[in-house]
Amino acid sequence: MHWNLPGLLSALRYSLLSPRDAIRQLIESDPPMVARWIALLLVAIASTFLMLLSLAPVPAEELPPTLLWALGSPLGLAAIQAVMLLVSVHLLYRLGRFRNGRGSFADSLTVLVWFQTIMLVVQAAQLAVQVVLPPLAFPAYVAGMVLFFWLLTNFVAELHGFASLGMTFFGILVALAVLILLLGFGLVLVLAVTVGVPAP
């Protein structure tokens, strides 16, 4: 994989067409560890920017306290995004190892960052469709969800050497449920400290 714009675009296209082959080649390219951490931070910043952009047209009075806090604290939101990604990497690594997967932590970091990069492109496209062609916003959302699970299932299966995509998909659903519970509880605690929302 070439680390420039044409190379990234080519890798993106290849990932959509042949996800297992693409992620295997990315893992085998073995990027430096510092590059992987920098990529994670950049993805967190890009995720924050997209989230703020999508919330910008919504009147403040229609937003719940959590999102109002996010709009007023972009650095805090970026930090939360980075923590979410880091927790996701650990879950991807630990749960895979629990199922006798072969993926390392470093490779789990690479896979998660690349997967999130692709999904950022998808989210940007969905946002553009929502603005330019509102009637197609829901089909674009559904297509994005299908792509989310298709790519993640193939990426995780290749990372850990799992043969069954069905069992891998089931494991992903369990991991996502755990992640949502952990992050939801953590977010409530953060809000309890910063804006006074009662903790559970």
Side-chain angles (χ1 to χ4, degrees), residues 1 3 5 8 11-12 15 23 26-27 29-56 58 63-97 101 103-127 144-145 147-149 151-152 155-156 159-160 171-197 199-200:
M1 178 173 177
W3 298 101
L5 183 57
L8 291 174
L12 175 61
S15 296
I23 204 64
L26 180 59
I27 291 171
S29 71
D30 193 24
M33 200 63 192
V34 64
R36 307 181 204 216
W37 287 117
I38 291 173
L40 182 140
L41 292 176
L42 291 176
V43 165
I45 292 171
S47 297
T48 301
F49 175 77
L50 266 183
M51 182 176 180
L52 295 176
L53 189 63
S54 65
L55 292 175
V58 183
L63 294 173
T66 52
L67 294 182
L68 281 175
W69 174 84
L71 287 173
S73 181
L75 289 179
L77 180 58
I80 290 176
Q81 294 275 14
V83 170
M84 288 174 62
L85 288 172
L86 186 56
V87 171
S88 300
V89 172
H90 275 282
L91 277 175
L92 178 59
Y93 170 62
R94 297 293 180 184
L95 293 180
R97 285 291 189 171
S104 66
F105 177 82
D107 289 340
S108 298
L109 176 58
T110 300
V111 169
L112 196 283
V113 168
W114 180 241
F115 170 74
Q116 187 61 26
T117 299
I118 296 174
M119 294 315 301
L120 283 173
V121 175
V122 172
Q123 291 165 24
Q126 289 173 328
L127 185 59
M145 288 298 298
L147 187 62
F148 175 94
F149 284 109
L151 287 178
L152 187 57
F155 284 1
V156 171
L159 168 67
H160 287 297
I172 287 172
L173 292 181
V174 173
L176 286 176
V178 173
L179 180 62
I180 290 171
L181 288 174
L182 290 175
L183 295 177
F185 182 73
L187 182 58
V188 169
L189 290 181
V190 169
L191 292 172
V193 174
T194 57
V195 297
V197 175

For T117, enumerate each residue passing the side chain to side chain donor-acceptor pair (under 3.5 Å) test, keeping only those at least two apart in sequence or located in another chain. none
Heavy-atom closest pair, residues L12 and W114: N-CZ2, 3.7 Å
Taking all non-hydrogen atoms of both residues, which atom of A106 and which atom of M33 are closest, and how far apart? CB-SD, 3.7 Å
Do I27 and V111 come close enough that some side-chain heavy atom pair is under 4.5 Å? yes
Taking the side chain as every heavy atom from C-beta outward, state whether L92 and F155 have any atom pair closer than 4.5 Å. no
How many angstroms lie between atom CD of Q116 and atom OG of S88, to the nearest 0.5 angstrom? 8.0 Å
Could you tell me the separation between the CG atom of L151 and the CD1 atom of I23, rounded to the nearest 0.5 Å? 9.0 Å
Which label fits H90 and F105: parallel for a plane angle under 30°, tilted from 30 to 60°, or perpendicular past 60°? tilted
Going by atom type alone, with no hydrogens or angles, which donor-acceptor pairs under 3.5 Å involve a side-chain atom of residues 38-50 and a protein atom two or more places apart or on another chain?
| unit_1 | atom_1 | unit_2 | atom_2 | d |
| --- | --- | --- | --- | --- |
| S47 | OG | V43 | O | 2.9 |
| T48 | OG1 | A44 | O | 2.9 |
| T48 | OG1 | A78 | N | 3.4 |

Step by step, would you call W37 with L109 a side chain to side chain contact (heavy atoms under 4.5 Å, CB included)? CA-CA 8 Å; W37 287 117; L109 176 58; 4.0 Å; yes
Which pair of non-hydrogen atoms, one from V122 and one from G144, has the smallest distance, and what is that distance? CG1-CA, 4.0 Å
How far apart are the closest heavy atoms of M119 and F148, and which atoms are they? CE-CB, 3.8 Å
Between L176 and F149, is any pair of side-chain heavy atoms under 4.5 Å apart? yes
I need the full list of salt bridge (charged side-chain N to carboxylate O under 4.0 Å, His left out) pairs touching residues 30-40, with sequence neighbours left out, sorted by first then second residue. D30-R36, R36-D107
What residues form a side chain to side chain donor-acceptor pair (under 3.5 Å) with S108, not counting sequence neighbours? none
